[in-house]
Amino acid sequence: MLVMMGAILVASLLGSLHCAGMCGAFLAISVAPAGEGSGVPAWRLHAAYHAGRLGTYVTLGVLAGALGSALNLAGDLAGVQRVAGFVAGLVMLTFGLACVGRAMGVRLPRMPVPRVMERVVVRGHGWAERLGASPRAVVIGLLTTLLPCGWLYAFVATAAGTAHPGLGALAMATFWVGTLPVMAALGLGVQRGLGPLRRFM
């Protein structure tokens, strides 16, 4: 298990530039009010945003681990061992092949975003705009996890492969830790680089 968590940490560190590209705008919205009349220190907004991300990641990990456990139980009843690990490996292999194919210029169909997820994100952001600085950062952090991100859901598949809610949560928390250095550096860069423009974001 230690080897698996180490692999998740290294992979998330190496791939965290993707997270910056995908979630950077939401991070900027979350931390931009610092020092512009909100009365909230910048570090607190960063912590609130990342705490929101962690909350949703861990929840996804628990759900994925529970699903993997149910798959293993169903497989045991059918006389097949470790179904969750096999399915998780298959999902990861498919994801990897799709990434290689796209990099080589192969056109592959993309899964549409479920309407319910789209509605939750849009309404959630609308609600977050009416909140104070820190609660807004938490809510936006929670919502960014619901973006249609294949990179994130590859790790969710890994969490399902653990076939245990606690281990699934640990896998997703480890993924979160790996994304922190780049995401924190991006947020600090936004705050320091934009200067007086921050209040218009």
Side-chain angles (χ1 to χ4, degrees), residues 1-28 49-50 53-54 56-72 74-75 80-118 120-121 141-165 167-187 189-190:
M1 190 52 62
L2 191 59
V3 172
M4 178 183 175
M5 295 306 161
I8 290 172
L9 180 61
V10 170
S12 63
L13 278 167
L14 293 175
S16 57
L17 285 175
H18 169 84
C19 302
M22 187 129 186
C23 300
F26 298 106
L27 172 60
Y49 173 78
H50 293 299
R53 288 175 57 233
L54 177 62
T56 320
Y57 285 174
V58 167
T59 301
L60 280 174
V62 168
L63 294 173
L67 176 62
S69 179
L71 281 173
N72 274 359
V80 181
Q81 300 293 313
R82 302 176 67 90
V83 174
F86 175 77
V87 172
L90 191 60
V91 168
M92 292 292 288
L93 181 62
T94 304
F95 175 76
L97 290 173
C99 287
V100 170
R102 285 198 178 99
M104 294 175 67
V106 178
R107 285 196 172 171
L108 297 170
R110 294 187 181 269
M111 288 180 59
V113 179
R115 290 286 183 190
V116 64
M117 190 180 288
E118 192 176 316
V120 167
V121 171
L142 288 166
L143 291 170
T144 54
T145 311
L146 299 177
L147 292 170
C149 174
W151 178 246
L152 166 64
Y153 286 100
F155 288 92
V156 174
T158 304
T162 67
H164 189 282
L167 292 177
L170 180 60
M172 292 307 295
T174 304
F175 168 73
W176 173 83
V177 169
T179 66
L180 273 180
V182 164
M183 293 294 283
L186 175 68
V190 165

task: Output all residues satisfying side-chain contact (heavy atoms from CB on, under 4.5 Å) with A64, sequence neighbours left out; order by chain, then residue number.
output: V156, A159, A160

field: Flag, side chain of S12 to backbone of I8, donor-acceptor distance under 3.5 Å
entry: yes

- prompt: Which distance, rounded to the nearest 0.5 Å, do you find between the CG of L60 and the CZ of F155?
  reply: 13.5 Å

Sub-4.5 Å side-chain heavy-atom contact between L67 and L63: no

message: Applying side-chain contact (heavy atoms from CB on, under 4.5 Å), can you list everything that pairs with A154, at least two apart in sequence or on another chain?
response: M92, F95

Enumerate, atom names and distances included, each donor-acceptor pair closer than 3.5 Å involving a side-chain atom of residues 175-186, sequence neighbours excluded.
from : atom 1 : to   : atom 2 : distance (Å)
W176 : NE1    : H50  : O      : 3.0
T179 : OG1    : R53  : NH2    : 2.4
T179 : OG1    : W176 : O      : 2.7

- request: Would you list the pairs meeting side-chain hydrogen bond (donor to acceptor under 3.5 Å, both in side chains) in which at least one residue belongs to residues 155-164, sequence neighbours left out?
  value: none

field: Partners meeting side-chain contact (heavy atoms from CB on, under 4.5 Å) with A163 (sequence neighbours left out)
entry: N72, A84

Side-chain atoms of residues 167-174: list all donor-acceptor pairs with protein atoms under 3.5 Å, sequence neighbours left out, distances to 0.1 Å.
from : atom 1 : to   : atom 2 : distance (Å)
T174 : OG1    : L170 : O      : 2.8

statement: T56 meets the side-chain contact (heavy atoms from CB on, under 4.5 Å) criterion, sequence neighbours left out, with L142, T145

